[in-house]
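Remember, predicted model here, so these are calculated numbers, not experimental data. All ligand and atom numbering here is 1-based and tracks the order in the structure.
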Amino acid sequence: MDMEAFLKAIPKVSLHLHLMGSVQARTAVELCQKHGVVLPDFEEPEDLYDYPDIYKFLHMYDNTALGVVDREDFERICYETLSEAADHNVRYREMSFNPTTHMAAGVDYGTCVDGLIDGINAARTDYGIECRLVAAVNRMESPELAVEMVETMLANPRDEVIGIGLDYAEDSGTSPERFWKAYGMARRAGYRLTAHASEAEPPRNIETCLDLLGCERVDHGYHVVESEDVMRRCRDEGVVFTCTPVSTAWVYFDNDFDNHPIERMREFGLKISLDCDDPPMFKTDPTKDLVMAHNHMGFEVEDFRQCMLNGIDGAWIDEPDKRSMRRHWSTEFDDLAANLA
Ligand code: ADE
Ligand code: ZN
């Protein structure tokens, strides 16, 4: 078995994936046609997924969201991304979605989450994959809207929705402290907490997310390498970073995989869990991000074992389930590693 086949076969936890960034281009085109959403001209649907910067990417992402309206649309996109994940042996995923994006387009929160839950149930039946949902605050919108999002979650509880996150462009001049109120409400209601932090801004945003918002893990976090103090603190506290090599090499590091800060984070001993962010929108998948980490960031077999265990540590599941996953997956991992050429 070669390295790529090995990386495809190992069991995976997926903690950093955006629902709307996971919509296949063909599906986006069909859903936009269904709902009369106008898309730019294209020859092949995949041509739509080509953008010069994160803002143009987010524009495409929002445009795609306009085509996802009916409960069965949500079911379809959720099922499709989980089918792909299962094909790469993702066993458990915590998937972000942006409720306010859909609500602004007139979609009821219940329609959106219940469609996603239909997709989760169908994928579990067909592939045995488990998935939970993380409602993400769009940081480019107002703090008041974030509070409204949490109020909507509280008024429409679903077992599958277990936490909140914070995404969209961090370098758009919106600091994480603006969202203290929404995070406080979610925390008091028992939701788990994460945020995209220091993807594009200094490590202070990581401290704010940990100390003010109460986040349990950090999505991205690459600028942590600018502060030895923050790195040491995160290492000492065992903070899990969910890192996505492909999407961020493209957006922030000029496609220079060899100088991506993930390598320094790994060398320092931070707890990294790798994932693929927005797979079709960045032409990647759950294996390709691992392959790039191997080819360019010094990840070897033992690092991938650690990544797998870090994903289990960072997942919002019960400790007995984690213990069982660690035991069984480690055995599977060893068996696969023994077959690595
Ligand atoms: N989707 C929403 N926000 C994102 C971000 N900051 N990076 C990648 N995908 C995203
Ligand atoms: Zn992300």
Query - Within 45° cone and under 6.0 Å: Arg305 NZ/CZ vs Trp329 ring - result: no

Report task. Enumerate the atoms of ligand 1 whose separation from the nearest heavy atom of Tyr61 is less than 4.0 angstrom. Result -> 1 (N), 2 (C)

Query raised in the report: Please state which protein non-hydrogen atom is closest to atom 3 (N) of ligand 1 and give its distance, to 0.1 Å?
Result: Tyr168 N, 2.9 Å

Query raised in the report: Closest N/O/S atom of His16 to the Zn ion (ligand 2), by atom name?
Result: NE2

Query raised in the report: Centres of the Phe241 and His220 rings: under 6.0 Å?
Result: no

Report task. Give a yes or no on whether a salt bridge exists between Lys283 and Glu46, defined as a side-chain N under 4.0 angstrom from a carboxylate O. Result -> no

Query - Residue Asp159 excluded, over 12 heavy atoms near CG under 6.0 Å - result: no

Query raised in the report: To the nearest 10 degrees, how large is the angle at the Zn ion (ligand 2) between Asp277 OD1 and His196 NE2?
Result: 170°

Query raised in the report: Tell me: protein heavy atom nearest atom 9 (N) of ligand 1, and distance?
Result: Asp278 OD2, 2.7 Å

Report task. Please say whether Asn98 places an N or O atom under 3.5 Å from an N or O atom belonging to ligand 1. Result -> no

Query - Sole candidate of Tyr51, Tyr49, Trp250 that passes ring pair (Phe, Tyr, Trp, His ring centres under 6.0 Å) when paired with Phe57 - result: Tyr51

Requested in this report: Within a distance under 4.0 Å of any heavy atom of Asp277, pick out the atoms of ligand 1 and give their elements.
Outcome: 7 (N), 8 (C), 9 (N)

Report summary line: Within 4.0 Å of some non-hydrogen atom of Glu199, the atoms of ligand 1 are 6 (N), 7 (N)

Query raised in the report: Is the backbone N or O of Asp70 less than 3.5 Å from a side-chain atom of Asp73, with the two atoms forming a donor-acceptor pair by type?
Result: yes

Report summary line: Nearest non-hydrogen contact to atom 10 (C) of ligand 1 from the set His220, His18, Met281, Met140 belongs to His18

Query raised in the report: Can a salt bridge be assigned to the pair Asp167 and Arg139 using a cut-off of 4.0 Å between side-chain N and carboxylate O?
Result: no

Report summary line: Here the atoms of ligand 1 under 4.0 Å from any heavy atom belonging to Phe57 are 8 (C), 9 (N), 10 (C)

